[in-house]
Amino acid sequence: MARRWLDQEHEIFREAFRRYVQKEIAPHIAEWDQQGQVPREAWLALGRQGYLCPWLEERYGGSGADFGYSVIIIEEIARAGALSFMVGLHSDIVTPYLHAFANEEQRQRWLPGAASGQSILAIAMTEPDAGSDLQAMRATASKDGEHYLLNGSKTFISNGQCCDLVIVAAKTDLQADPARGGISLLVVEEGAPGFVKGNKLKKMGLHGQDTCEMVFSDCRVPAANLLGREGRGFAYMMEKLQQERLVCAVMSQAAAEAMLRWTVDYCQERRIFGRPVGQFQHNAFKLAEMATEVELGRAFLDELIEDHMAGRDIVSKVSMAKWWISEMANRVAYHGVQLHGGYGYMEEYPICRAYRDVRVHTIFAGTTEVMKSIIAKRMGL
Amino acid sequence: MDYLLSPEQLAVRDEVRRFVKEQVPSRMVREMDQGELESGRWFVEKAGAAGILGLRFPKAYGGRGLNWVADVACMEEVGVLGTSLGCAYAMPSIVGEALVRFGTEEQKNKYLAPTLAGRLYSAEGLTEPRGGSDFFGATTTAVADGDEFVLSGQKRFVVGARDSDWFLVYAKSDPQAHPHKSMSCFIVERDFGVEVQNIYQLMGTRGGGTGRLVFDGVRVPKANLVGELHGAYDIFNRMMVPERLTSAAGALGSARAALEVATRYSTRRKAFGQTINRFQAVGFMVADSVALLDAARALCYVAARAADGQDDPRRIVSEAKKVTTENCWQIINNAMQVMGGIGYTTVYPIERLMRDARLSLIWTGSNQVMNLLIQHEWYKEVMQGGGKARDVEDDALTPDEQEKVYE
């Protein structure tokens, strides 16, 4: 199927980037999983090639490319099975906050590092007792002269250990009613006094992703690090969550396509009872079902990418894509493992890692249940 | 679901429940999952000392002379520990089935009794590198030579490969014969010369020392042949009963444990001003899980009764294995969804139970192999059972024999 948002230049770029991924990323996935982190050099290398934040204007170190290039980068990394390497989070989820809401001085200060990989970005919204219910956050930031004093703890911060710069959502106005009107975004830099990164969280999957907790104790953040306006943080997040969820859907979709590919290959090579596994009707039909679901996801997602690139409102549809495609990817993982038999349970096969990795796709960036709440609300329910 | 158990069965279940609660340090469960410990021997030693291994086997060999229903109830209790310890607990019940039914008196005294006492650590070698589901296509060979058999070949995915004292191994003793009449079953002590070549890195079910065995001309005394020469077909089929019933019953325990953790969590965790169990999306997910669990458990007990009876229980046991492992996977998956992000971390054991549970849909005959058996038995039963019950074809609105065209 022709992907309408792709032109020939995109395809040329994809070819080049795919070769890069095969050479520079794919061979290291297991090693990074063991280390629990992607090394800085891998980020810097991406930056040198212009693969970080390609959409940024050239004056900030980007290439002025459209969102399609970002999609290709996210897809190819996921397709290689490097789901822990959250380049999309850095380039297409966090950097856009700085680009959209920072003033010119801040942009000059932060964006070139984001594009070069010198500065890895993260965003901290979730708290131990406020995940889906963001407004219930307890972190506070009180003005103290030229600084804010930031207090609170955040958790499940992706890129948390390696980040140099983290956008933190905190309440600057505890009296605000509704509470969301009191939330602001502050940019906290590595080394800020009172800012402590917690230990890496141990997880079922995404072992190469340095997800961690963060604690802020009277952390002094310069007032000049406020992002946009006070009290607008919640609105900013709601705006940027759209692209965040689209990025997640792109990851899930590409992962599903990869898992299907690996499974088809395995079923063609592996023989049992004298013929390839894939030639048994049950297995062939299972693969046909998986391929159908993957293709439906692809069609829906491509239309969504196009709508997003055209600037249309995608709130309902991106919520649909986020939950359905992430659940679909989990179905593909489940059946992929099953069709690999005992080997699917062995760590040496990529389907094993992907199965563990995609499970969180129905949970992070808004759970399936939160996506359904958004859709229902927009249906007037 | 205590309705299905007698007071005696309830008592032994409670005994195992207490053992699981009081005798198994969390530290050991963790060390096994982290690969710091690659053996379930410590657990089998303790369970053997407590007298809770192989409950259905005769008292003379260390069992309690109970039945499958009691075994299933107890296996569920051990299943809360996950599949690695579940497997360690089930192994004497699996290899013991072969010895109790087909072994000589000498074999029972020499191997079964110390295994049930927890003094010998046992394992089985079934799967080969070339395939698991195609069991009778095995390539490991056993050649008679004087008073011994010489075994050559490999077995893969053997839980306990690292340090078991003895293995129950199947090998081709007559490669030219029909596959079902070509294999024999042997008791092979590690010290006969079994080599371990590889300990696998697994998604879950870790710490059991799962590895690959190599038999490079291993000499096995003829006294260690189990059952008839070339007669392993019947032994294998009988062993599949404990293989599959323990897989199913263990999964019940894992799912129940995960569901209980998620249920408690949902009554404490607040979002949008209320505890999350008050959201229908959560409460109904829990309700679905409870119903899946009870349905699976009921089927397990039916299969246990069938295994206690005289007829071949193959179909219902296969159904129990398939339905239970699938339901239980779904329950654990639901539990993780209820818990949200924290359920994906190692702060709670849901992620481990989920990694563990994934194997139960693959091992002891994948669920696709269960389907092969179920359909085979079902067709046989229906084709043989015609005429016994009312033929509802006659109740059709317009029955017309001429319109019933089959070719």
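Sequence lines set the chain letters: A, B, ... in the order given, protein chains first and strands last, and positions in each chain run from 1.
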Side chain proximity check, B/Asn334 to B/Val286, heavy atoms < 4.5 angstrom: no
Between B/Trp363 and A/Tyr345, ring centroids under 6.0 Å: no
Toward chain B, the part of A/Leu206 with a non-hydrogen atom under 4.5 Å: both
Among B/Ile362, B/Leu359, B/Thr205, residue most engaged with chain A (heavy-atom pairs, under 4.5 Å): B/Leu359
Ring-ring centroid check B/Phe157 A/Tyr343, cutoff 6.0 Å: yes
Contacting moiety of A/Phe280, where chain B heavy atoms sit under 4.5 Å: neither
Value rounded to 0.5 Å, distance of OH in B/Tyr200 from CD in B/Glu38: 13.0 Å
When A/Leu201, A/Asp133, A/Ile272, A/Asn330 are compared by non-hydrogen pairs under 4.5 Å with chain B, the top option: A/Asp133
Inter-residue atom distance B/Leu85.CG - B/Asp356.CG, 0.5 Å rounding: 9.0 Å
Leading residue by heavy atom contact count with chain A [cutoff under 4.5 Å; candidates B/Gly204, B/Gly340, B/Ala281, B/Gly137]: B/Gly204
Check: A/Lys322 and A/Leu241 side chains under 4.5 Å, non-hydrogen atoms: no
Contacting region of B/Arg206 [heavy-atom separation from chain A under 4.5 Å]: side chain
Nearest-0.5 Å distance that lies between atom CG in A/Leu89 and atom CG in A/Asn159: 5.0 Å
Winner by heavy-atom pair count (cut-off under 4.5 Å) against chain A, out of B/Met285, B/Arg269, B/Arg352: B/Arg269
Electrostatic pair B/Glu31:B/Arg27 at N-O distance under 4.0 angstrom: yes
Residues from residues 366-378 of chain B approaching chain A under 4.5 Å (heavy atoms): B/Ser366, B/Asn367, B/Gln368
A/Ile183 CD1 to A/Met237 CE distance, which is reported to the nearest 0.5 Å: 5.0 Å
Contacts with chain B made by residues 359-372 of chain A (heavy-atom distance under 4.5 Å), listed by residue number: A/Arg359, A/Val360, A/Thr362, A/Ile363, A/Thr367, A/Thr368, A/Glu369
Mutual orientation of the aromatic rings belonging to B/Tyr170 and B/Phe135 [parallel < 30°, tilted 30-60°, perpendicular > 60°]: perpendicular
Atom pair CZ/OH of A/Phe156 and B/Tyr344 - distance to nearest 0.5 Å: 11.5 Å
pair A/Lys286-A/Glu289: side-chain heavy atoms closer than 4.5 Å: yes
Winner by heavy-atom pair count (cut-off under 4.5 Å) against chain A, out of B/Met339, B/Arg156, B/Lys270: B/Arg156
Distance (rounded to the nearest 0.5 Å) between A/Thr155 OG1 and B/Ile342 CD1: 6.0 Å
Lys/Arg-Asp/Glu bridge criterion (N-O < 4.0 Å) met for A/Glu293, A/Arg331: yes
Chain B contact via A/Arg270 - which portion, at a heavy-atom distance below 4.5 Å: side chain
